[in-house]
Amino acid sequence: MSDDTSIHAGSCRCGQVQLKVRGKPLMTMACHCTGCQKMTASAFSLSALYPLDAVEVHGLQPVIGGMHGDLHHNFCPYCLSWIVTRGKMFGPMINVRATMFDDAAEFAPFIETCTDEKLPWATTPAVHSYGKFPPMDAFPRLMQQFAETGA
């Protein structure tokens with residue numbers, strides 16, 4: 001995918017919110033929950049987990065959308081593209097919607113979550129699948145495995 005010093009750039013659909021991330025993601029994911037299906041108008045959402053300090057957002061200030069709960073889904077205020085998700089459960093990390101990157105094809109999901117809710121025909125190349133969301137204590141091991149893939 002890239003080395004630790006690489007820069008990945010992207011934007012929302014209208015281009016008024018731009019983002020840059022430094023380095024490799026800590027992990028890549030596909031979420032099949034019905035909430036992600038509805039917010040993406042697709043079979044699943046794709047995301048790349050990064051340290052918060054590796055992500056820069058410029059342009060219009062994103063607004064919170066989605067369910068306004070523990071997770072803060074951030075959208076472009078103009079075109080309403082879903083850009084990033086933050087939440088206390090992530091600690092100092094942020095989930096960037098991988099499809100916002102100009103080089104989105106490089107961000108194949110390593111894990112897939114909420115497969116209990118997935119559409120029966122939806123498939124991904126994910127190495128690990130979870131019926132629900134994996135327990136938070138599984139993430140250090142999963143991130144280590146992802147790092148070992150060299151992706």
Side-chain angles (χ1 to χ4, degrees), residues 1-13 17-57 62 64-67 69-76 79-151:
M1 173 179 291
S2 60
D3 62 35
D4 290 337
T5 61
S6 66
I7 301 285
H8 294 280
S11 68
C12 62
R13 184 166 185 192
V17 176
Q18 304 89 38
L19 59 100
K20 287 185 183 178
V21 297
R22 291 182 316 281
K24 295 194 249 186
L26 300 171
M27 190 162 47
T28 55
M29 299 166 272
C31 182
H32 294 274
C33 80
T34 54
C36 283
Q37 290 174 24
K38 289 177 186 285
M39 286 200 304
T40 61
S42 186
F44 46 81
S45 68
L46 294 172
S47 60
L49 185 65
Y50 278 91
L52 187 57
D53 63 1
V55 178
E56 297 176 25
V57 178
I64 297 196
M67 295 300 293
D70 292 337
L71 294 177
H72 296 190
H73 304 295
N74 291 256
F75 295 80
C76 169
C79 70
L80 302 178
S81 296
W82 183 15
I83 302 166
V84 298
T85 298
R86 296 187 62 193
K88 286 183 183 178
M89 67 190 292
F90 295 143
M93 296 176 281
I94 187 169
N95 246 346
V96 178
R97 301 277 73 75
T99 50
M100 296 298 110
F101 292 124
D102 297 336
D103 54 354
E106 293 185 28
F107 292 85
F110 180 70
I111 70 169
E112 60 183 348
T113 63
C114 301
T115 58
D116 290 351
E117 300 175 46
K118 81 181 196 95
L119 298 171
W121 46 263
T123 59
T124 76
V127 176
H128 299 282
S129 294
Y130 295 89
K132 307 271 187 246
F133 201 76
M136 291 312 289
D137 63 357
F139 275 85
R141 177 183 52 81
L142 290 167
M143 289 188 292
Q144 178 63 38
Q145 288 177 358
F146 179 76
E148 291 168 0
T149 68

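Being a predicted model, the structure only gives us computed values, none of them experimental.
- The two residues T124 and A30 make their nearest non-hydrogen contact at CG2-CB, 4.1 Å.
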Is there a ring-ring contact (aromatic ring centres under 6.0 Å, His included) between F146 and F139 once you walk through the steps? CA-CA 10 Å; F146 179 76; F139 275 85; over 10 Å; no
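- Judged as a side chain to side chain donor-acceptor pair (under 3.5 Å), and not counting sequence neighbours, T123 has no contacts.
- Put simply, CD on Q144 and OG1 on T149 are 10.5 Å apart, with the number rounded to the nearest 0.5 Å.
- With sequence neighbours left out, T40 forms a side chain to side chain contact (heavy atoms under 4.5 Å, CB included) with S42, S45, W82.
- A donor-acceptor pair under 3.5 Å links the side-chain atoms of S81 to the main chain of R13, judged by distance alone.
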If you apply the rule side-chain contact (heavy atoms from CB on, under 4.5 Å), what do you find for C76 with I83, and how did you get there? CA-CA 7 Å; C76 169; I83 302 166; 4.0 Å; yes
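- The aromatic rings of F110 and H128 lie perpendicular to each other, with more than 60° between the two planes, well past the 30° mark.
- Shown here are the side chain to side chain contact (heavy atoms under 4.5 Å, CB included) partners of L71, two or more places apart in sequence or in another chain: H73, T85, M89, F90.
- Annotation: side chain to side chain donor-acceptor pair (under 3.5 Å) contacts of Q18 (sequence neighbours excluded): none.
- Residues satisfying the side chain to side chain contact (heavy atoms under 4.5 Å, CB included) test with A43, not counting sequence neighbours, are L119, W121, A122.
- The closest side-chain heavy-atom distance from C31 to M29 is not below 4.5 Å.
- Residue M100 comes nearest to C12 through the heavy atom pair SD-CA, 3.8 Å, listed as atom of the first residue, atom of the second, then distance.
- Considering only heavy atoms from C-beta on, N74 comes within 4.5 Å of I64 through its side chain.
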Starting from the C-alpha separation in whole Å, work towards a yes-or-no answer on side-chain contact (heavy atoms from CB on, under 4.5 Å) for N95 and R97. CA-CA 6 Å; N95 246 346; R97 301 277 73 75; 4.2 Å; yes
Let's go through E106 and F101 carefully: what are the C-alpha distance in whole Å and the side-chain angles of both, what is the deciding distance for side-chain contact (heavy atoms from CB on, under 4.5 Å) to 0.1 Å, and is it a yes or a no? CA-CA 9 Å; E106 293 185 28; F101 292 124; over 6 Å; no
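- The two atoms that bring M27 and L142 nearest to each other are SD-CB, 3.6 Å, heavy atoms only.
- Evaluation of the ring-ring contact (aromatic ring centres under 6.0 Å, His included) test over residues 19-47, restricted to residues two or more places apart or in two chains, returns H32-F44.
- In this structure, L52 and R86 have side chains that are in contact, with non-hydrogen atoms separated by less than 4.5 Å.
- For E117, there are no salt bridge (charged side-chain N to carboxylate O under 4.0 Å, His left out) partners two or more places apart in sequence or in a different chain.
- With contacts defined as side-chain heavy-atom distances shorter than 4.5 Å, the pair I111/P134 qualifies.
- R22 places a side-chain N or O within donor-acceptor distance of the main-chain N or O of D53, the cut-off being under 3.5 Å.
- The salt bridge (charged side-chain N to carboxylate O under 4.0 Å, His left out) analysis of residues 29-51, with sequence neighbours excluded, yields no pairs.
- Checked against side chain to side chain contact (heavy atoms under 4.5 Å, CB included), P125 has the following partners two or more places apart in sequence or in another chain: A108, P109.
- Applying the side-chain hydrogen bond (donor to acceptor under 3.5 Å, both in side chains) test to every pair with at least one member in residues 130-142, sequence neighbours left out, gives these pairs: D116-K132.
- Using a 4.5 Å heavy-atom threshold, the side chains of L46 and T28 count as separate.
- Nearest heavy atoms, P25 versus F107: CG-CE2, 4.1 Å.
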